[in-house]
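Note sheet for the following structure.
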Amino acid sequence: MQCLFIKLLGTESDPIIGFTRLILPKTIKTLKWQQVGEQYIIQFIKNQVNLDVSPHLGFSGLQHLSLVLNKLTDRLITTITSSLPLLVELELEDRPLSYPELPDDDLTNDALKSLGLCPFLSSLLIVRSRATNPVACFFRVNDLGMSLLSSSCEALESVTLGGFIKVTGVGFSSFLHSCPNLKKFEVRDAPLLTDLAFHNNDTGVVFHRVELKLVSCNHITSEILSELASSTTLESLDLDGYYRHWPKSSK
């Protein structure tokens with residue numbers, strides 16, 4: 001077996017001790033786990049890696065990890081990056097019921113740089129969903145955190161970021177400058193994202209990618225969208241439900 005998908009009913013507070021002791025086959029390459037508590041998945045990862053007979057064989061050779069959690073923390077990020085160095089795709093979505101009062105229970109700038117310990121990482125999703133809390137967002141990550149992340153993960157080809165309300169166009173644009181192979185860029189719930197993220201005063205629009213999606217980014221104007229539409233490589237633009245496609249033959 002190379003792929004395992006676990007979806008638990010109930011809440012993250014329900015006992016799932018038995019799952020943390022589950023022994024996965026050494027051939028596993030993909031793990032998708034929905035509705036799991038942060039503390040449980042941390043223990044699960046550590047248990048699996050401890051069972052590996054040698055580095056990069058067994059669970060430590062995992063290439064695709066997708067988690068839906070009760071909360072995303074620095075602890076989880078550092079556990080993942082120190083345990084799973086061969087990751088190619090990482091998807092982390094949390095659905096907190098309330099605002100994390102302590103930095104230890106939240107994601108901060110400190111942990112983002114550690115994603116550079118996964119040199120093969122090409123696809124990254126980090127989203128704080130508002131499914132359970134309409135005002136949920138990352139309060140403790142700013143432009144510095146985004147710059148550390150983008151400069152540490154230059155091999156990224158697909159990036160999806162959601163809920164980073166303290167990050168401005170400077171932070172988001174760091175991916176456009178640091179990741180030359182970036183083909184898909186998606187930003188959700190970013191009130192400080194502006195046209196400047198996609199524009200260079202000397203050369204004009206700097207976004208030359210295949211796919212761009214902007215959801216609830218209310219300070220993006222029609223002027224920059226018109227300029228983006230003239231890009232020779234932009235194939236699709238998705239604006240929170242409004243979709244427009246420009247076939248290459250029309251450019």
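Contact detail for Glu101 and Arg140: the closest heavy-atom pair is O-NH2, 2.9 Å. Minimum heavy-atom separation, Ser129 to Ala131: OG-N, 3.0 Å. Of all heavy-atom pairs between Asn142 and Asn109, the closest is OD1-ND2, 2.8 Å. In plain terms, the two heavy atoms of Cys179 and Ser150 that are nearest each other are SG-O, 4.0 Å. The shortest non-hydrogen separation linking His64 to Leu87 is N-CD2, 3.9 Å. When all heavy atoms of Leu107 and Ile77 are compared, the closest pair comes out as CD1-CG1, 3.9 Å.
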Residue pair Leu92, Leu72: steps toward the side-chain contact (heavy atoms from CB on, under 4.5 Å) verdict: CA-CA 8 Å; Leu92 301 173; Leu72 179 54; 3.9 Å; yes

Stepwise, does the side-chain contact (heavy atoms from CB on, under 4.5 Å) test hold for Leu67 with Ile41? CA-CA 9 Å; Leu67 303 173; Ile41 194 62; 3.8 Å; yes

What do the steps show when you test Glu211 against Lys183 for salt bridge (Lys or Arg N to Asp or Glu O under 4.0 Å), and what is the final call? CA-CA 6 Å; Glu211 183 177 347; Lys183 297 176 182 178; over 6 Å; no

Between Leu65 and Leu84, is a side-chain contact (heavy atoms from CB on, under 4.5 Å) present by the stated rule, with each step listed? CA-CA 9 Å; Leu65 178 63; Leu84 307 172; 3.9 Å; yes

Would you sort out whether Phe44 and Trp33 count as a ring-ring contact (aromatic ring centres under 6.0 Å, His included), showing the intermediate values? CA-CA 11 Å; Phe44 178 82; Trp33 196 332; 5.0 Å; yes

Begin with the C-alpha distance, continue with both residues' side-chain angles, and end with the deciding distance and a verdict on side-chain contact (heavy atoms from CB on, under 4.5 Å) for Gln34 and Ile6. CA-CA 6 Å; Gln34 289 192 9; Ile6 302 173; over 6 Å; no

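Taking CG of Asp195 as the start and OG1 of Thr221 as the end, the distance is 3.0 Å to the nearest 0.5 Å. The structure places SG of Cys118 at 13.0 Å from CD of Glu89, a figure rounded to the nearest 0.5 Å. Distance check: Ser216 OG to Arg188 CZ gives 10.0 Å after rounding to the nearest 0.5 Å. If you take OG on Ser226 and CD1 on Ile224, they are separated by 9.0 Å, rounding to the nearest 0.5 Å. Taking CG from Leu86 and CG from Leu62, the interatomic distance works out to 9.0 Å, rounded to the nearest 0.5 Å. Between atom CD1 of residue Ile28 and atom CD of residue Gln63 there is a gap of 11.0 Å, rounded to the nearest 0.5 Å.
One finds a salt bridge joining Asp106 and Arg128 here, because a Lys/Arg side-chain nitrogen approaches an Asp/Glu carboxylate oxygen to under 4.0 Å. Under 4.0 Å is where a charged nitrogen must lie from a carboxylate oxygen, and between Lys166 and Asp143 no such pair does.
With sequence neighbours left out, Phe120 forms a ring-ring contact (aromatic ring centres under 6.0 Å, His included) with no residue at all.
Note: the hydrophobic cluster containing Phe59 does not contain Leu117 (ILVMFWY, side chain heavy atoms under 4.5 Å, direct or indirect links). When the side chains of ILVMFWY residues are joined at heavy-atom separations under 4.5 Å, either directly or via intervening members, Ile45 and Leu4 end up in a single hydrophobic cluster. In the hydrophobic cluster analysis, where Ile, Leu, Val, Met, Phe, Trp and Tyr join through side-chain heavy atoms closer than 4.5 angstrom, Leu31 is grouped apart from Val127. Under a hydrophobic-cluster definition in which Ile, Leu, Val, Met, Phe, Trp and Tyr are linked whenever side-chain heavy atoms come within less than 4.5 Å, directly or via other members, Leu125 and Val167 are assigned to different clusters. Side-chain heavy atoms closer than 4.5 Å link hydrophobic residues (I, L, V, M, F, W, Y) into clusters, and following such links, even through other members, never connects Leu192 to Leu225.
A parallel orientation is assigned to the rings of Phe138 and Phe164, their planes being inclined by less than 30° (bins at 30° and 60°).
Side-chain contact between Leu161 and Met146 is present, with heavy atoms from C-beta onward closer than 4.5 Å. Between Val141 and Leu112, some side-chain heavy-atom pair lies under the 4.5 Å cut-off. A heavy-atom distance below 4.5 Å is not found between the side chains of Val187 and Val215. For the pair Phe198/Leu212, a side-chain contact is recorded, criterion being any heavy-atom separation below 4.5 Å from C-beta on. Within the 4.5 Å cutoff, side-chain heavy atoms of Leu90 are placed close to those of Leu121. For the pair Ile126/Leu115, a side-chain contact is recorded, criterion being any heavy-atom separation below 4.5 Å from C-beta on. Leu97 is not listed as a side-chain neighbour of Asn133, based on a closest heavy-atom distance of 4.5 Å or more. Between Thr168 and Leu193, the closest side-chain pair of non-hydrogen atoms is not below 4.5 Å.
Neither side chain, Gln48 nor Asp52, offers a donor N or O lying under 3.5 Å from an acceptor on the other.
Side chain of Arg130 to backbone of Ala136: a donor-acceptor contact under 3.5 angstrom is found. A donor-acceptor pair under 3.5 Å links the side-chain atoms of Arg75 to the main chain of Asp104, judged by distance alone. Of the possible donor and acceptor atoms, one in the side chain of Thr132 sits under 3.5 Å from a partner among the backbone N and O of Pro96. Between the side chain of Asp105 and the backbone N or O of Pro100 there is no donor-acceptor pair closer than 3.5 Å. In this structure, Asp74 contributes its side chain and Asp110 its backbone to no donor-acceptor pair below 3.5 Å. Ser178 contributes no side-chain N or O that, together with a main-chain N or O of Phe175, makes up a donor-acceptor pair within less than 3.5 Å. A donor-acceptor distance shorter than 3.5 angstrom exists from the side chain of Thr73 to the backbone of Leu76, with no hydrogens or angles considered. In this structure, Thr27 contributes its side chain and Met1 its backbone to a donor-acceptor pair below 3.5 Å. In this structure a side-chain-to-backbone donor-acceptor pair under 3.5 Å is present from His219 to Pro191.
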Pair up each side-chain donor or acceptor in residues 151-160 with any protein partner under 3.5 Å, not counting sequence neighbours, and list the distances.
| from | atom 1 | to | atom 2 | distance (Å) |
| --- | --- | --- | --- | --- |
| Ser151 | OG | Ser147 | O | 2.8 |
| Ser151 | OG | Leu148 | O | 3.2 |
| Ser152 | OG | Leu148 | O | 2.7 |

